[in-house]
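Comments concern the structure below.
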Amino acid sequence: MDINNVNQKTTFNNVNTIIFDIVGTLVDYVGTTNQEITRVFLSSGFDEERAQEVVNTWEKRQQSFQDKIIKGEVPFMLQDDIRRQVLSTVLEEQEISLTRDNFEHLVNVGRYFTPWPEAVRQLSELGNLVKTVGLTNASLTQITEVCSRGALRWHVLLSTQLAQTYKPTPEAYQLPIDLLGIDPAHTLFISAHPWDLRAAATHGFLTVYLPREYTETPLPNDQFDLTLHSLDDLIAMFQRAN
């Protein structure tokens with residue numbers, strides 16, 4: 001449903017919590033990663049094309065490794081450790097040598113993801129109107145650093161690390177229900193990732209799609225409870241409902 005067709009009183013009077021995906025939805029992970037790996041490679045004597053080749057391979061293999069964890073094919077491993085292991089392999093295969101400092105900087109790039117423009121203000125304003133909860137696949141160490149650096153403020157911040165799994169496994173979405181006593185029927189689940197919203201919907205959450213650059217587009221048969229143009233639209237809807 002588009003935001004212009006929503007009855008605000010009907011939809012929001014009973015909503016008491018918003019759960020946010022963070023990486024991709026509130027912070028730009030692709031842009032940050034591309035920027036940092038390009039900077040490191042240029043300073044190390046490699047060109048931008050080589051940097052992009054490495055980052056593409058790195059990201060695909062990270063996702064592949066994470067998918068194996070989701071399927072139960074390999075034991076759980078933190079994203080930080082996956083990032084380190086995969087980058088080491090990719091650099092070795094491509095015969096690329098980086099200084100220890102540059103390697104560590106790239107391994108920890110997930111801690112430097114920058115918020116999308118206006119996201120900090122918007123999250124703060126929503127936090128004055130309703131409970132805000134972050135639910136992320138990033139490790140607690142990583143996401144705490146991201147939110148601290150980016151000034152993203154929460155009532156509660158959760159990582160799927162606590163369930164030793166990753167979204168979109170059912171256990172990941174059960175976390176806020178079990179730990180916080182959240183009722184999905186009174187909770188908005190906001191994400192820029194359609195796959196995330198599909199899984200959240202199976203748990204009864206009200207799904208809100210927030211398009212962002214670099215993320216995939218919904219499938220033709222995807223049906224979300226709400227599609228936003230901006231979080232400012234959501235802020236205005238809560239203000240009117242209150």
Heavy-atom donor-acceptor pair, [X] side chain to [Y] backbone, under 3.5 Å:
X	Y	answer
D225	T207	yes
K167	D21	no
S191	H193	yes

Which residues pass the side chain to side chain donor-acceptor pair (under 3.5 Å) test with [X], not counting sequence neighbours?
X	answer
E216	W195
T160	N137
D222	R198
T215	none

Under the salt bridge (Lys or Arg N to Asp or Glu O under 4.0 Å) test, which residues partner [X], sequence neighbours left out?
X	result
R50	none
R212	none
R39	E36
E118	R121

Taking the side chain as every heavy atom from C-beta outward, state whether [X] and [Y] have any pair of such atoms under 4.5 Å apart.
X	Y	value
T25	W116	no
M77	Q66	no
Y29	V146	no
P170	T202	no

Atom pairs and distances, side-chain donor-acceptor, residues 179-188, under 3.5 Å, sequence neighbours left out:
{"unit_1": "D183", "atom_1": "OD1", "unit_2": "A185", "atom_2": "N", "d": "3.0"}
{"unit_1": "H186", "atom_1": "ND1", "unit_2": "N14", "atom_2": "O", "d": "2.8"}
{"unit_1": "T187", "atom_1": "OG1", "unit_2": "D183", "atom_2": "O", "d": "2.8"}

Same cluster or not: I69 versus L175, using hydrophobic residues (I, L, V, M, F, W, Y) connected whenever any side-chain heavy atoms lie under 4.5 Å apart? no
Looking at E49, I want to see if its CD is surrounded by more than 12 non-hydrogen atoms of other residues, nucleotides or ligands under 6.0 Å.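 No, CD of E49 has 12 or fewer neighbouring heavy atoms, counting only those of other groups under 6.0 Å.
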Listed pairs under 3.5 Å, donor-acceptor, residues 147-157 side chains, sequence neighbours left out:
{"unit_1": "R149", "atom_1": "NE", "unit_2": "E145", "atom_2": "OE2", "d": "2.9"}
{"unit_1": "R149", "atom_1": "NH2", "unit_2": "E145", "atom_2": "OE2", "d": "3.4"}
{"unit_1": "H155", "atom_1": "ND1", "unit_2": "T132", "atom_2": "N", "d": "2.9"}
{"unit_1": "H155", "atom_1": "ND1", "unit_2": "T132", "atom_2": "OG1", "d": "3.2"}

Which atom pairs, donor and acceptor, lie under 3.5 Å between side-chain atoms of residues 87-94 and protein residues at least two apart or in another chain?
{"unit_1": "T89", "atom_1": "OG1", "unit_2": "Q85", "atom_2": "O", "d": "3.1"}
{"unit_1": "E93", "atom_1": "OE1", "unit_2": "R61", "atom_2": "NH1", "d": "2.8"}
{"unit_1": "E93", "atom_1": "OE1", "unit_2": "R61", "atom_2": "NH2", "d": "2.9"}
{"unit_1": "E93", "atom_1": "OE2", "unit_2": "R61", "atom_2": "NH1", "d": "3.1"}

Among residues two or more places apart or on two chains, list those pairs meeting ring pair (Phe, Tyr, Trp, His ring centres under 6.0 Å) that have a residue in residues 48-89. F76-Y166
Euclidean distance, S230 OG relative to Q122 CD, rounded to 0.5 Å: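 If we round to the nearest 0.5 Å, Q122:CD and S230:OG are 4.5 Å apart.
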